[in-house]
Engineer: 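A single structure is presented below for examination.
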Amino acid sequence: MSIVDPVLQWYAENRRDLPWRDESCSAWGVLVSEVMLQQTPVARVLPVWREWVDRWPTPASLALAPAGDAVRAWGRLGYPRRALRLHQCAAAIVEHHGGEVPATEAELVGLPGVGAYTAAAVACFAHGERTVVVDTNVRRVEARAVAGLALPAPSLSRAETELAASLVPEDPAVARVWNVAVMELGALVCTARTPRCGSCPIAGHCAWVLAGSPAYDGPPRKTQSWEGTDRQVRGAMMAILRAAADPVRLADLTPACPDDELRRMRCLDGLVADGLVEPVGRGRYQLPG
DNA sequence: TACACGTGGCT
DNA sequence: TAGCCAAGTGT
């Protein structure tokens with residue numbers, strides 16, 4: 001008995017109506033959603049995605065805008081480098097793909113900000129290609145249901161990729177639904193911390209449940225630090241720059257890290273090196289033009 | 001491979 | 001409450 005059919009049926013009855021899943025959503029809209037959803041919850045993405053696709057409905061329209069507009073419109077989604085890469089991605093699509101989002105994983109994976117996951121997701125969800133989509137949700141569902149583990153290992157293994165590939169239905173149209181369905185199950189039911197096994201369509205043959213839901217027993221999962229990190233300072237600087245209508249002075253960035261000038265300068269240099277901040281002379285800085 | 005990279009909600 | 005965690009990518 002495969003877990004595929006019950007998951008497909010569960011999805012048909014429980015799926016969220018997300019705009020990037022609409023038939024009318026363009027491939028570009030799908031690509032934008034996938035980049036925004038990297039490490040970022042759906043609820044936070046929704047309003048920003050709407051604003052982006054309304055303002056920049058095609059890769060060409062975004063490519064024509066200043067990069068700083070993309071960074072500012074990114075708002076507080078986090079990881080603003082994604083906005084910069086999406087802007088670079090739009091330019092690459094115009095330059096190398098006639099302005100159309102490419103359909104194959106091989107073409108997609110070369111674009112800025114598009115890695116293995118996003119390439120598989122866009123090829124499948126936007127173009128109907130039969131790909132193997134493996135994200136953190138898919139890994140968790142399959143780790144539990146098939147491997148009997150509480151959580152997947154910190155990094156993706158060959159075995160996991162092969163397992164995921166073995167579960168994808170042959171028919172591309174069915175594969176497309178499967179890929180989104182297993183992700184949705186991971187997002188809504190088979191969650192990381194408090195899985196709702198009582199509502200799970202495959203709890204009856206979940207290896208982890210059948211083993212008594214044993215606790216995680218793998219290498220320690222390192223928790224990312226935040227307080228006092230460069231990342232915190234960079235985020236504070238970006239917030240100041242997003243809010244500013246004109247270039248800011250160095251002194252305007254002091255509140256981002258008031259007690260450590262060395263760190264402050266290191267973070268600013270890093271932002272400039274990343275292309276998120278642009279020096280404009282006379283000791284002033286702004287979002288990239 | 002391991003680490004850096006934002007942000008905010010949830011338990 | 002302090003972590004934990006969220007549709008990863010680039011180096």
Side-chain angles (χ1 to χ4, degrees), chain A residues 11 15-16 18-21 29-49 71 74-86 88-89 108-126 131-142 150-158 164 176 178-188 190-196 216 219-242 256 263 266-267 270-271 273-277:
Chain A
Y11 179 71
R15 67 188 294 264
R16 290 170 292 180
L18 300 173
W20 45 83
R21 290 179 181 164
V30 172
L31 172 52
V32 171
S33 79
E34 291 299 343
V35 173
M36 289 185 171
L37 287 163
Q38 292 167 7
Q39 303 285 284
T40 309
V42 166
R44 298 235 313 282
V45 166
L46 271 170
V48 182
W49 180 85
V71 172
W74 197 254
R76 304 188 65 78
L77 273 189
Y79 292 146
R81 292 191 291 195
R82 293 182 292 167
L84 211 50
R85 297 218 177 97
L86 211 33
Q88 294 163 352
C89 182
L108 286 160
V109 82
L111 295 170
V114 178
Y117 161 76
T118 303
V122 172
C124 183
F125 303 143
T131 66
V132 181
V133 176
V134 185
D135 76 333
T136 189
N137 290 302
V138 174
R139 294 186 64 212
R140 190 173 53 250
V141 169
E142 295 177 3
L151 292 171
S155 58
L156 179 64
S157 71
R158 178 68 168 276
R176 184 182 189 172
W178 163 254
N179 280 330
V180 67
V182 65
M183 280 176 39
E184 189 79 331
L185 185 67
L188 300 182
C190 193
T191 53
R193 255 183 304 178
T194 313
R196 299 160 173 81
Y216 175 72
R221 308 166 74 76
K222 49 184 173 298
T223 166
Q224 62 177 17
S225 53
W226 172 251
E227 200 60 37
T229 62
D230 285 3
R231 213 164 14 158
Q232 181 185 35
V233 174
R234 288 166 55 107
M237 287 182 168
M238 291 303 295
I240 292 168
L241 286 157
R242 280 196 306 269
R263 177 189 294 278
R266 180 174 71 237
C267 288
L271 289 170
D274 288 346
L276 284 165
V277 174

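Here is how names work: the chains are called A, B, and so on, in the same order as the sequence lines, proteins then strands, and each is numbered from 1.
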Engineer: What's the separation between atom CH2 in A:Trp49 and atom OG1 in A:Thr40, rounded to the nearest 0.5 Å?
Structural biologist: 16.0 Å
Engineer: Using a 4.0 Å heavy-atom cut-off, does A:Arg44 contact any base of the nucleic acid, only the sugar-phosphate backbone, or nothing at all?
Structural biologist: base
Engineer: Hey, does the side chain of A:Lys222 come within less than 4.0 Å of B:dC3's phosphate (OP1/OP2), counting only N and O?
Structural biologist: yes
Engineer: Side-chain N or O of A:Arg234 versus OP1/OP2 of B:dA4: is the shortest distance under 4.0 Å?
Structural biologist: no
Engineer: Within the structure shown, what part of the strands sits under 4.0 Å from A:Ala116 by heavy-atom distance: base, sugar-phosphate, or nothing?
Structural biologist: sugar-phosphate
Engineer: From C:dT9, C:dC4, B:dG6, pick the nucleotide closest to the side chain of A:Thr223?
Structural biologist: C:dC4
Engineer: With sugar-phosphate meaning primed atoms plus P, OP1 and OP2, does A:Leu18 contact a base, only sugar-phosphate, or nothing at under 4.0 Å between heavy atoms?
Structural biologist: base
Engineer: Just by distance, do the side chain of A:Arg139 and the backbone of A:Ser155 share a donor-acceptor pair under 3.5 Å?
Structural biologist: yes
Engineer: Select base, sugar-phosphate, or nothing to describe what A:Arg242 touches, counting heavy atoms under 4.0 Å on all strands.
Structural biologist: sugar-phosphate
Engineer: Base, sugar-phosphate, or nothing for A:Gln224, non-hydrogen atoms under 4.0 angstrom?
Structural biologist: base
Engineer: Please figure out whether A:Val180 or A:Leu111 has its closest DNA chain C nucleotide nearer the 5' end.
Structural biologist: A:Val180
Engineer: Does A:Arg76 put a side-chain nitrogen or oxygen below 4.0 Å from OP1 or OP2 of B:dG8?
Structural biologist: yes
Engineer: Using heavy-atom distances to pick each residue's nearest nucleotide on DNA chain B, tell me which of A:Ala236 and A:Leu156 is more 5'.
Structural biologist: A:Leu156
Engineer: Return the value, rounded to whole Å, for the distance between atom CG of A:Leu86 and atom C1' of C:dG8.
Structural biologist: 14 Å
Engineer: Out of B:dG9, B:dG6, C:dT9, which nucleotide sits closest to the side chain of A:Tyr79?
Structural biologist: B:dG6
Engineer: Of the nucleotides B:dT11, B:dC5, C:dA6, which has the atom closest to the A:Arg231 side chain?
Structural biologist: B:dC5
Engineer: Can you tell me if A:Trp74 uses its side chain to pair, donor with acceptor, with the backbone of A:Leu84 under 3.5 Å?
Structural biologist: no
Engineer: Tell me whether the side-chain N/O atoms of A:Arg82 come closer than 4.0 Å to OP1 or OP2 in C:dA6.
Structural biologist: no
Engineer: How would you label the contact of A:Val138 with the nucleic acid (heavy atoms, under 4.0 Å): base, sugar-phosphate, or nothing?
Structural biologist: nothing
Engineer: Identify which nucleotide among C:dA7, C:dT9, C:dC4 has an atom closest to any side-chain atom of A:Val42, counting heavy atoms from C-beta outward.
Structural biologist: C:dA7
Engineer: What's the closest nucleotide to the side chain of A:Arg21 if the choices are C:dA7, C:dG8, B:dG9?
Structural biologist: C:dA7
Engineer: Would the base of C:dC5 count as contacting A:Arg193 through its side chain, where contact means a donor and an acceptor less than 3.5 Å apart?
Structural biologist: no
Engineer: Between A:Arg82 (side chain) and A:Gln38 (backbone), is there a donor-acceptor pair under 3.5 Å?
Structural biologist: yes
Engineer: NA contact type, A:Thr40, heavy-atom cut-off 4.0 Å: base, sugar-phosphate, or nothing?
Structural biologist: base
Engineer: Roughly how many Å is it from CD in A:Gln232 to C1' in B:dG6, rounded to a whole number?
Structural biologist: 11 Å
Engineer: Between the main-chain N or O of A:Cys190 and the side-chain N or O of A:Arg140, is there a donor-acceptor pair closer than 3.5 Å?
Structural biologist: yes
Engineer: Taking the P atom of each, how far is C:dA7 from B:dA2, in whole Å?
Structural biologist: 22 Å
Engineer: Using a cut-off of 4.0 Å on non-hydrogen atoms, how would the nucleic acid contact of A:Pro154 be classed: base, sugar-phosphate, or nothing?
Structural biologist: nothing
Engineer: Could you measure the distance from the CE atom of A:Met237 to the CG atom of A:Leu276? Nearest 0.5 Å is fine.
Structural biologist: 12.5 Å
Engineer: Touch check for A:Ala192, heavy atoms < 4.0 angstrom, all strands: base, sugar-phosphate only, or nothing?
Structural biologist: sugar-phosphate
Engineer: So A:Thr194, base contact, sugar-phosphate only, or nothing? Heavy-atom distance under 4.0 Å.
Structural biologist: nothing
Engineer: Just N and O in the side chain of A:Gln38: are any of them under 4.0 Å from OP1 or OP2 of C:dA7?
Structural biologist: no
Engineer: Under 4.0 Å between any heavy atoms, over every strand shown, what does A:Trp74 touch: base, sugar-phosphate, or nothing? Just pick one.
Structural biologist: nothing
Engineer: How about A:Arg176 and A:Asn179: does a side-chain donor come under 3.5 Å of a side-chain acceptor?
Structural biologist: no
Engineer: Does OP1 or OP2 of B:dT1 have a side-chain N or O of A:Ser155 closer than 4.0 Å?
Structural biologist: no
Engineer: When all nucleic acid strands are considered with a 4.0 Å heavy-atom cut-off, which category describes A:Gly115: base, sugar-phosphate, or nothing?
Structural biologist: sugar-phosphate
Engineer: Grab the OH-P distance between A:Tyr11 and C:dA7 for me, whole Å please.
Structural biologist: 14 Å
